[in-house]
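Worksheet: one structure, shown below.
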Amino acid sequence: MNILIFNQAGVNYLQAHILGLSMALLLIEMNEIRTDFDSWLNKWFNLTTSQLSQLQNMDPAFKQELANAIANNYAAGLTVNFIKEDKDEQEVPDKKTWWFMDWTSGKIP
């Protein structure tokens, strides 16, 4: 699979791919998500400099909670709702905000 753009279409494509994997390969992906979320994202997505910076500066506890929620959804055969919003034009360009919603709990981690 080619490296994807980190947008709605890229996330949708990746999730369809991951949920179509054999159980053995799915377990490998879930382990990568839980143990090294940054590397896993970099493996699949062509992240911009600002996205990499945001990922690196994310609170480690929040990042681990996010990684666990994503892996748990995949383990349950569920996709993760991905929302990415652009900031106002007056704010720093190319700065993005993105969330993954954990559908198993109905909360944004």
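Just so it is clear, the structure is predicted and the values come from calculations on it, not from any experiment.
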Between Ile70 and the options Asn72, Asn73, Leu66, the side chain to side chain contact (heavy atoms under 4.5 Å, CB included) test singles out Leu66
Taken in chain and number order and not counting sequence neighbours, the residues that satisfy side chain to side chain donor-acceptor pair (under 3.5 Å) with Asn46 are none
| field | Any Tyr74 side-chain heavy atom under 4.5 Å of Thr79 side chain | value | no
Test Glu32 against Asp36 for side chain to side chain contact (heavy atoms under 4.5 Å, CB included), laying out the working first.
CA-CA 6 Å; Glu32 288 178 12; Asp36 194 351; over 6 Å; no
Ile5 meets the side chain to side chain contact (heavy atoms under 4.5 Å, CB included) criterion, sequence neighbours left out, with Asn7
With sequence neighbours left out, the residues meeting side chain to side chain donor-acceptor pair (under 3.5 Å) with Glu29 are Trp40, Lys43, Trp44
Heavy-atom closest pair (Leu4 atom, Gly10 atom, distance to 0.1 Å) is CD1-O, 3.4 Å
- Message: Could you go through Asn68 and Gln64, starting from their C-alpha distance and side-chain angles, then the distance that decides it, and tell me whether this counts as side chain to side chain contact (heavy atoms under 4.5 Å, CB included)?
- Response: CA-CA 6 Å; Asn68 288 334; Gln64 189 60 55; 3.1 Å; yes
dist Leu41:CG -> Ile33:CD1 (nearest 0.5 Å) comes out at 8.5 Å
Across all chains, not counting sequence neighbours, the side chain to side chain donor-acceptor pair (under 3.5 Å) partners of Asn57 are Ser53
Between the OG atom in Ser39 and the CG atom in Leu55, the distance rounded to the nearest 0.5 Å is 9.5 Å
Across all chains, not counting sequence neighbours, the side chain to side chain contact (heavy atoms under 4.5 Å, CB included) partners of Asn42 are Leu47, Leu52
By salt bridge (charged side-chain N to carboxylate O under 4.0 Å, His left out), Asp38 pairs with (sequence neighbours left out) Lys63
Show your working on side chain to side chain contact (heavy atoms under 4.5 Å, CB included) between Phe6 and Thr48 and close with a plain yes or no.
CA-CA 9 Å; Phe6 192 62; Thr48 66; over 6 Å; no
- Audit row: Leu27, Met30, side chain to side chain contact (heavy atoms under 4.5 Å, CB included) steps and yes/no: CA-CA 5 Å; Leu27 288 172; Met30 291 185 316; 3.3 Å; yes
CG (Asp59) and CD (Glu65) are apart, to the nearest 0.5 Å, by 9.5 Å
Sequence neighbours excluded, the answer for side chain to side chain donor-acceptor pair (under 3.5 Å) partners of Asn12 is Gln8
